[in-house]
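Naming convention: chains lettered A, B, ... in sequence-line order (proteins, then strands); numbering from 1 in each chain.
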Amino acid sequence: MNWGGIAGLTIVLLVMVVSLLAPWISPHDPQLQNLDRRLLPPAWAESGDSRYLLGTDGLGRDMLSRILHGGRISLGISLSAAALSGVVGVSLGLLAGYFGGALDGLLSRIADVQQAIPFLVLAIGVAAVSGPGLPNLVLVLAITTWVNYFRVVRAEVLAAREEQYVWAARAVGCSSARIIFRHILPNVAASIIVVATLLIANMMIFEASLSFLGLGVPPGIPTWGRLVSDGRAYVSSAWWISFFPGVAIFVTVMGINLVGDWLRESLDPRNT
Amino acid sequence: MLRYVLQRLLHGLMVLWGVSVIVFLLMHLSGDPAAVLLPLDTPPEEVAAFRRQMGLDRPLPVQYLFFLSRVVRGDFGYSYHYRTRALEVVLERLPATLRLAGAALGVSLTCALPAGVIAALHKDRALDMLVRLLVLIGQAVPGFWLALMLMMLFAVRLRWLPASGDVGWRSLILPAITAGSFSMASIARLLRSGLLEVLGKEYILTARAKGLSSVQILTRHALKNAAIPTVTMIAIQAGWLLGGSVIAEVIFAYPGLGHLAVTSVSYRDLPVIQCFVAVMAAVVVAINLLVDLVYAWLDPRVRLYGNGY
């Protein structure tokens, strides 16, 4: 029994369900401002209000509702960015690994160049010219992370290319496309799933970091990173504004990582 | 050995050339650079004159060659905001960032190395569990959030350390912990698994059989072999440390490159941004080169037969 994996899966499922149900289970409208009730501490604190479980922000908006709604957007961005990055990285990895030669050389050099530019540095560069917006954010995240998939898939395909089943498929006259998609892809799928899981966790942190720096989502959209950022102005007076969204990121990322480690251990044939 | 060094050097130069292409394309990513650079209400004839003056009316490859010939001479153009050469603006801030990233690496290694060794030596016992739990936490804590919490606790509540600016070494402590937190966990984790693998090898059994103490086995035989994947990890972490220092700099208002870059985004100061990306990439390439040389020192096979042995 892998208790860590089970705990992780429970966390991930819980976060996903709660985020999906956010519009129905939030106690308040996340955008509703109420200046009479601004900067209320959490309910259990001395001057807390039981209707605002996690307190309110500088404009009197309910933190719990904002965190629940923020989860939808943060998860949505991370999942779509990891998917887009996966489509690019996996396809290029399959091509480079299967065909090799000049194409592989070119793609591998591009991957080297990409890795020489730290994620946040490239993201700042791209954000500077592309401006804020959800599609741009997903694009930036995908552009800066496809190499993760590319390296793993390329290495696995390089090995798989020499396997007997590929030779057999070629001998009976399968086309390259058919060999790649019907025979090789299913065999590297396990690794892709592991990379994707761990990358989703990183995406959550990347997205939050960019939104925190003001380079991610446009103002007004509550993602977890932006919520932490909103609390910066109140560091000395209202700790709860930054604290709880950060805990949400932390718990979710830890859950995804636990699932990722579990998958890596159970899908890797060397561990059995 | 010389062949190996030259080969790595050439590879580094090729990567830098690739970076120059990316930096050049950044300018054109938004479509029309003139639209980014000029105010919205510029009359069309002025836009046309500007395009001619900047060479924007020429084909892209020609523009790139002009760009490259300027860049290799260190000319990234003038900063729109600071009104001086972009390279000067960036290089002026570089030492502060390198100091911070260095301190972050120091913090991260001082915590990660003992933690990794202790965990490996106490496999599956209480201390190992504790380290693994800390690693799990360390990899999930967002750096910027940790920074805010540290700031609340040590700067606002306890008033032990400065909350912002650069007033000597005490200003480095909180940013360094922030920037080092992520790589700390990864390095500890990798060192633990690396050591465990090495400790299961037969030559360790031999060393034990001929009566070496645990300390001797660890320092003479195990650590150097486990260091190879760990050093690779540190090279990969170089990017994380630099990225992490961007965040730390912004939060703690530390006057380094990251702080400069984020403010330059709001000014749309493209020359400074381009120069920032290029300089950061150059630092990463330099670190990787250094790590390749450390490899050769650690592993005689690399020295003799080159990278792939």
K.L.:
So which part of B/Leu136 gets closer than 4.5 Å to some heavy atom of chain A, the side chain, the backbone, both or neither?
P.N.:
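Both the backbone and the side chain of B/Leu136 come within 4.5 Å of chain A.
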
K.L.:
Measuring heavy-atom distances to chain B, does A/Val251 have an atom under 4.5 Å in its side chain, in its backbone, in both, or in neither?
P.N.:
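Answer is neither: A/Val251 stays 4.5 Å or more from chain B.
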
K.L.:
Nearest 0.5 Å, what's the CG-CE distance between A/Leu122 and B/Met280?
P.N.:
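Going from CG on A/Leu122 over to CE on B/Met280, the span is 12.0 Å.
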
K.L.:
Taking the side chain as C-beta and beyond, is there a heavy-atom pair between B/Val250 and A/Arg232 under 4.5 Å?
P.N.:
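They are in contact (side-chain heavy atoms under 4.5 Å apart), so the answer is yes.
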
K.L.:
OG of B/Ser266 to CG of A/Leu213: how many Å apart, nearest 0.5 Å?
P.N.:
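Reported value, rounded in 0.5 Å steps: 11.5 Å.
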
K.L.:
Flag the pair A/Ile117 / B/Val284 as yes when at least one side-chain heavy-atom distance between them is below 4.5 Å, and no otherwise.
P.N.:
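They are not in side-chain contact.
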
K.L.:
Report yes if some heavy atom in the side chain of B/Pro142 is under 4.5 Å from a heavy atom in the side chain of A/Val228; otherwise report no.
P.N.:
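They are not in side-chain contact.
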
K.L.:
So what's closer than 4.5 Å to chain A heavy atoms on B/Ile251: side chain, backbone, both or neither?
P.N.:
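For B/Ile251, heavy atoms of backbone and side chain both lie under 4.5 Å from chain A.
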
K.L.:
Got a second to check how far A/Asp261's CG is from B/Arg132's CZ, nearest 0.5 Å?
P.N.:
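Nearest 0.5 Å value for the CG-CZ distance: 9.5 Å.
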
K.L.:
What part of B/Ile137 gets within 4.5 angstrom of chain A, counting heavy atoms only: side chain, backbone, both, or neither?
P.N.:
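When you check distances to chain A, atoms from both the backbone and side chain of B/Ile137 fall under 4.5 Å.
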
K.L.:
Side chain of B/Trp145, backbone of A/Phe243: donor and acceptor closer than 3.5 Å?
P.N.:
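Present.
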
K.L.:
With a 4.5 angstrom heavy-atom cut-off, is it the side chain or the backbone of B/Met149 that approaches chain A, or both, or neither?
P.N.:
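Just the side chain, heavy atoms under 4.5 Å.
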
K.L.:
Are the side chains of A/Asp112 and B/His11 in touch, meaning some heavy atoms are under 4.5 Å apart?
P.N.:
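Yes, at least one pair of side-chain atoms sits under 4.5 Å.
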
K.L.:
What distance do A/Gln115 atom CD and B/Asn288 atom CG have between them, rounded to the nearest 0.5 Å?
P.N.:
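The CG atom of B/Asn288 is 9.0 Å from CD of A/Gln115, to the nearest 0.5 Å.
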
K.L.:
A/Val253, A/Ile256, A/Val121, A/Leu120: which one forms the most heavy-atom pairs within less than 4.5 Å of chain B?
P.N.:
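Most heavy-atom pairs within the cutoff with chain B belong to A/Val121.
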
K.L.:
Please round to the nearest 0.5 Å and tell me the distance separating atom CG of A/Leu210 and atom CD1 of B/Ile247.
P.N.:
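That separation rounds to 7.5 Å.
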
K.L.:
So what's closer than 4.5 Å to chain A heavy atoms on B/Val285: side chain, backbone, both or neither?
P.N.:
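Side chain only.
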
K.L.:
Which residue out of A/Trp224, A/Phe212, A/Trp239 racks up the most heavy-atom pairs below 4.5 Å with chain B?
P.N.:
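It is A/Phe212.
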
